[in-house]
Structure formats: structure tokens, C-alpha cells
Amino acid sequence: MSEEKKSLNFIEQIIEEDLANGIGKNNLRFRFPPEPNGYLHIGHTKAIGISFGLGEKYNAPVNLRFDDTNPAKEEQEYVDAIKEDITWLGYKWDKELYSSDYFQQLYDWSIQFIKEGKAYVDSQSSEAMAEQKGTPTQPGVDSPYRNRSVEENLDLFNRMKNGEFDEGAHILRAKIDMKHPNMLMRDPIMYRILKKHHHRTGDAWCIYPMYDWTHGESDYIEQISHSLCSLEFKPHRELYNWFKNQVYDYSKNDYPMLPKQREFARLNLSYTIMSKRKLLQLVEEGIVKGWDDPRMPTISGLRRRGYTPAAIRKFVETVGVAKRDNVIDVSLLEFCIREDLNKTAPRVMAVLDPVKLVITNYPEGKEEWLEAENNQEDEDAGFRKVPFSKELYIERDDFKEEANSKYFRLSLGKEVRLKNAYIIKGESVVKDVNGNISEIHCTYDADSLSGTGTEASLRKVKGTLHWVSIKHAKKAEVREYDRLFMDEAPDSHQDIDFMEFINPNSLKIVDAFVEPSLLDAKIGDRFQFQRLGYFSVDKDTTSNHLIFNKIVGLRDTWSKQEAIQETNKPSAKVNQSQQNLPQRKAIDIIQQLGKKYTNLPEDKQLKTKTEIQELAENVTYEELSPLFAIATKKVGTRIAAMITLGVLLNKGLQKTPEINEFIQKALDDSDPLLRAEAEAIK
RNA sequence: UGGCUUAUGGUGUAACUGGCAACACGUCUGGUUUUGGUCCAGAAGAGUCUAGGUUCGAGCCCUAGUAAGCCAACCA
């Protein structure tokens, strides 16, 4: 019954239009065409999500087609990895296909091209051809071989195919137009000689077709209705259509439908890179430990890190599809994985940075197995037992000898609850020779055990801490990851290499203590370490060495608060606090006040004006002058700027030509308020 | 000096044939809470790149600018 109509993205709109024009729902067919020369990454999931998503939406088949026309770079290993990744994401392809399946058909069409004078063999060096090709702003010139006879072309091409020539000796080019404004149309190469072993066709061919000649025709042969790719292929569309129209002439009876290429903006993620080449560099230079290193944006990396397919699919869906360049904030990816895991991950306790806690009034040698809820977000998750004893580990961060009332954790003389256990009170500390805390001593309220329902157990205390019993705790290695790059867009700088931004501290390994129930954890299992974050069991785990990857931390408003308080300390300079803090510059507030100015009732306008005048005392001319260029229709902002300017002039600012121009323009404006303000200071 | 594409809060995406600029993330309040998590309630933040034009009315249509991206591999 929910009539909620979701707005369509531009590709869906095109499809709806085509459907309305009678294309026929059964003729819809999509494809995902990876080149098997590297691992899939989060950027590919967008392309995968679009084409496979469309397949699901319209109940149409989606082919998985490996674009394997370059035997020099492509390998079976990548084919296997790509299939695994797509399957893991939960998508099902209709047919598994390879461009190399069409080599014979492509070859046959090429012969027809040659016979009809639409293609010719060129025998120049690549340098010579590059020169003749011209530049985006200069037209190219014809190759001296452009007008070879059909017979000669046929003979040469046949001998190319038979392996009679070395690589680079000849190529086959389409004959289009060397002066075409689109450089791709300047007699593009269709075939080059490559005496390489192909992962599927072996040594059957020593000429291999180029992308443009192969891709569109593969779409055509498979009768793909909509061929979706990223924006940088937009210029290729013209050539795609040209090739398509030629072969359509030959084969319209076998293949009646003409595919349609459309382009969308690729996904960029802040603080990461997406280029396969650069990702490979990280692997080869040992910056990361492999394609599936949990810091890598590859699908295999995310999988090993502990991301779920559901989270990644949600992410891609949320990101949307459009044509403008974009940079998605990683916080959105993190949100998606937290949202998923919050509902599904069992809660456990683990201490990553331990400090010893002794409960002085708890009986020596006593141990209790306390009831703990596995996941309060999931009623079916059940309960488990966790061991409790006199000596525990808690997080070093969870104790301060003295603390203000904002600190909800343990400090001397204050009470907190130990999760699933008792309320304790900080009593004293033991320090080593360096003054570091080695033990915290506390007392517990024996009647306050969680879940007993006693009055003491129901007492409200400000904080709750996680803990593990020293005697029962198991050691585990925890790998905490930080972003790989320190720059928001590491590969977008012309003059700085992306490697310069590598974060040297992207991996932190800690020895942690975890509750004993985790001994049963299997590789790939995901948990929430309470109050810390989500973690998954890494595949390096062995029977006697448990290893966890930190997937993502819990949302942490406290650490943000703390950071703000830190910079807010009286010692911090007022001036510098203006930069990093919520406190905004006077000019910004003035601008904001200005926006609403014209809508305000008169008395409020007066009040706002005084406010602006006060703020203006702290504004410099350099801050104000950009506002002179503000759009004419932003009258309010101009008024605010005018009022501010008045204050500055009063303080002795000399009029400049820019100022005069700004005032004059206001005097000529249709808005009376603006005119009045300009009049006042002119 | 060319061609193509794009321009909406900090980020991303909407706004059906012109009609109160919406949603998500992020940020900030407050409430609930045995996770400073979750959940709940709320707030701030955009005059839709600029200048003109058409119109009762423009983010959307028209004109001219500006800015950004892509295009010169025997890569895909």
C-alpha cells in the first residue's frame, strides 16, 4: 500500500523512457565488464551495484564479462578473485563471458571492414602515428598508408594474424577522420600484434583487438540494452556508436538490438585512492601486506577487515548515481557498517590497554560466573556467562585519580558499575618508580550485582566500565587500523606524489585481554567489544593465537567532547580558538545575520543592526572586501556588509575604488533598505 | 587555441510536464540507557556558480560568462 515513490536516478529515468517507448521489458540486459588485471575495489562496487542493481530491479539478466583483450596484463588469478568478490557481495550473474570468446567474430567483421575500405593496415612506428594524430586543439593528418589497396590490406592483415610480423610492425586502423574534433575518431587502432600467451585462448592469436573495437561489439553480440560505464568513457561513446552502426549493417538479422552506452560519475572516497595501478604500488612496495590487507579499499581488504556485504551494498545505494565528480566521506561507509553490525554483532568484553584493578573487599580465591546479555538489540541473541574475580583488568583510559563531574568513569572516591557485575568505588592507587599507575584498588558493593533486582543493584551510577578477570582472561592480538593516507584526496595533487601522504601509523598492534568465551570464535566472526568498537577474527588466527581486526570504532561523542575541552582550556589563546572551534569569525556571523535581515520585522532589524555593528569591531577589511562581490540578489548580505563597512570607515578606513563602487551599486539598487544604508555612509 | 561533461547546506543525492528547496551522512542540543553505543525528540547549516532575460512565479527554460573534470597509451 505504501505509495512512496522513490525518485529515479538519471539512468533509471532513461530506462523508464526506453520502456515507455516500447523497448520491451524482456529485452533489458546489463553487464559488468571488469578487466582481469587487478582486484576489485570499493569504487567498482558502485558500478557493480548499478548494473546488478538494475538487473534486480527490472528482473533482467546481468552478464559478467571479462574484458580480456590484453594478454600482457591479464591473469586467471584476477578472474577468480573478481568472481569471488561479486559472489560475496551477493550478486548473481546470468552468464560468465569473456571478450576473448568473440575474437573470431571480431576478426570476421574486420575483414569486412577492410573489404569495404573502412579499415587499413598502418605500418608506421607508434611515435610517427602519435605525431600525425594531432592534439585536442590541432587536427591530425592522414597516414601515408591510409590508401593502401584492399588486396594489400587483406594480405597484410592475414599475415599479421599468421604471426609473420614482429610486435609493432603493423596495426589495423579504422578509417574514419583524422581531422575529427574527437581524437578517438582519428582512425583508431583496431588490432595490434601481441605475441603473448592469453589466459584463455592460449597461443591461438597473435593479434589482439583494442578496447573500443571489442567492448561495444561484445555488448552488441550479447544484446546488452544498456551499457553503463564511468564518465571518462564519454568521449568513447561516439566511437562506440560508429563501430556499432557498421557491424549492425552486417548482422542486424542475428543481433537486432543496438546497445546504448551511458556514463555515470565514478565513486571517490575521502582519504583513499582507487587507481588499480597505485593500489598495486602499495602492495609491491610493501606498504600493505597484500591486496587483502584490511587497510586496502579493495573488496577483499574490506572483507578481511570485517565489513559485511550488506553494509557495502547499503553504502553504494546511499551514495546515489549522478554525473558530477564527487568525494564521499568515509564517515558514510563507517555509518553503514556500524548500522549493520549494531543489529547483528554479539557483545563481548575485551581490554586493549589494561591496568590492574584489585577489589580489596572481594574474597580471595572466589570466582563467579555472571550472566551477560549477548546483544540487547536482538532478543534472540541470548545470554552467556563471564567469569568474575578479585583481580581484573580495566582500560587504562577508564581511570583518573582526580576528575571533574564530566568524567563518568572511575576515579578516587567515585562509584561506577562494572558491566554485568558490581558497583565499585575507587579507593587508592599503587604506582611504580616512574609514577605510573600499576594497580588501582577499589571496594565493591556486594549487594549491587547486576540483574539481582535488589535495591542496591538498581542504584544509578554515572558510568559503566567493561573489564576482564585476570585469572580467566585470554590473550589476543588486536590489529587497529587507521586511514592509509593523511590527505583527503591523496592522488589529486599535481605536484605531490600520493605516496607522500602515507600514514606511517596506519597499523597498530596491541596485546589485548579478552573474555574466555572468545576462545570459540571462528575466523570471520564479528563482535562488538563493548564500549570500543566492532572487531572480526582475522584469518591469520591459529588454535593458540587469536587475532582480531578492528573493523570500526563505536561512535564516540565523548572523545570529541574531550578534544573540545582540551582546546578550551584557559591556557589556550583566544585567537587560536577562533580557528578550530565552534566559535565563528565575526564576519561569518555578520553574513548569517545578513541573510535573514530583509525578512525581519522592523524592531528586530534594528536589534540585528546593532549586533552587526558590534561584531564589525572585530572585522578586518580583508575579511569584508570579498563580500563586495556578492551576488546582487543577496540584498541582506549586502546590507550587512554595508553596515560593517560603515563601522570600519568610522574607525578611519580610507575609501578605495572598490568601496566606492560597492556603495554606488547599492545607491542604484531597488531595495530601499540597502539604499538607506549606502546613503548613510556615502 | 578545440571538443565533451558538470555546477543545489561541510559531504552525497532529491525536488515528477516551472509552484514553500527535501532526504541521508556529518555537526550541535535535550531525553532514555548497566556500552559516553543504540534508540527517541529537536536545532543549526543552502538564498541552488555569476550577470542578464522569459514568466504572476525559475534550482529547473533562454543568453552570456566563470570554475572544475575528462580527451593526444599498439591500456581498459
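Computed from a prediction, not measured in an experiment: that's the story for all the values here.
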Worksheet item: Within this structure, what is the CD-to-C1' distance between Glu377(A) and U33(B), rounded to whole angstrom?
Response: 11 Å

Practice prompt. Output yes if the stacking criterion (under 5.5 Å between centres, under 30° between planes) is met for Tyr211(A) over the base of A76(B), else no.
Written response: no

Worksheet item: If you take atom types as modelled and just measure distance, does the side chain of Gln376(A) reach the base of G37(B) with a donor-acceptor pair under 3.5 Å?
Response: no

Item to complete: May I ask you to verify if any side-chain N or O of Ser7(A) is less than 4.0 angstrom from the OP1 or OP2 atom of U13(B)?
Response: no

Worksheet item: Does C39(B) have a Watson-Crick or wobble mate here (both distances under 3.5 Å), and if so which one?
Response: G31(B)

Worksheet entry | N or O in side chain of Lys323(A) less than 4.0 angstrom from U6(B) OP1/OP2 | yes

Worksheet item: Which part of the nucleic acid does Glu35(A) contact within heavy-atom distance under 4.0 Å: base, sugar-phosphate only, or nothing?
Response: sugar-phosphate

Worksheet item: Distance check: side-chain N/O of Arg409(A) vs OP1/OP2 of U35(B), anything under 4.0 Å?
Response: no

Practice prompt. Starting at atom CD of Glu515(A), determine the distance to atom P of U35(B), rounded to an integer number of angstrom.
Written response: 16 Å

What protein N or O atoms touch nucleotides 52-54 of chain B N or O atoms at under 3.5 angstrom, if any, and at what distances?
none

Worksheet item: With distance as the sole criterion, is a donor-acceptor pair present between the side chains of Arg31(A) and His215(A) under 3.5 Å?
Response: yes

Item to complete: Compute the ring centroids of Tyr78(A) and Tyr39(A), then answer whether they are less than 6.0 Å apart.
Response: yes

Discussion item. Could you tell me if Arg483(A) and Thr272(A) have a donor-acceptor pair between their side chains, going purely by distance under 3.5 Å?
Written reply: no

Item to complete: Can you tell me the distance, in whole Å, between the NZ atom of Lys196(A) and the P atom of C74(B)?
Response: 14 Å

Item to complete: For nucleotides 20-30 of chain B, just jot down a letter per nucleotide in 5' to 3' order: B, S or -, based on protein non-hydrogen atoms under 4.0 Å.
Response: ----SSSS-S-

Worksheet item: For residues Ser143(A) and Asp122(A), is any side-chain donor paired with an opposing acceptor at under 3.5 Å?
Response: yes

Response to the item:
The residue among Arg347(A), Gln530(A), Glu395(A) that forms side chain to side chain donor-acceptor pair (under 3.5 Å) with His466(A) is Glu395(A)

Practice prompt. Could you tell me if the ring centre of Phe233(A) sits under 6.0 Å from that of Tyr240(A)?
Written response: no

Discussion item. Classify the ring geometry of Tyr422(A) against Phe388(A): parallel below 30°, tilted from 30° to 60°, perpendicular beyond 60°.
Written reply: tilted

Worksheet item: Could Lys278(A) and Asp491(A) be called an ion pair, given the rule that one side-chain N must be under 4.0 Å from one carboxylate O?
Response: yes

Worksheet item: Any donor-acceptor pair under 3.5 Å joining the side chain of Arg324(A) to the base of U8(B)?
Response: yes

Fill in: Among C71(B), C74(B), U35(B), the nucleotide that comes nearest once only the side chain of Arg347(A) is considered
U35(B)

Item to complete: Please name the residue in the list Phe103(A), Trp205(A), Phe66(A) that meets the ring-ring contact (aromatic ring centres under 6.0 Å, His included) test with His198(A).
Response: Phe103(A)

Discussion item. Side-chain N or O of Arg192(A) versus OP1/OP2 of C75(B): is the shortest distance under 4.0 Å?
Written reply: yes

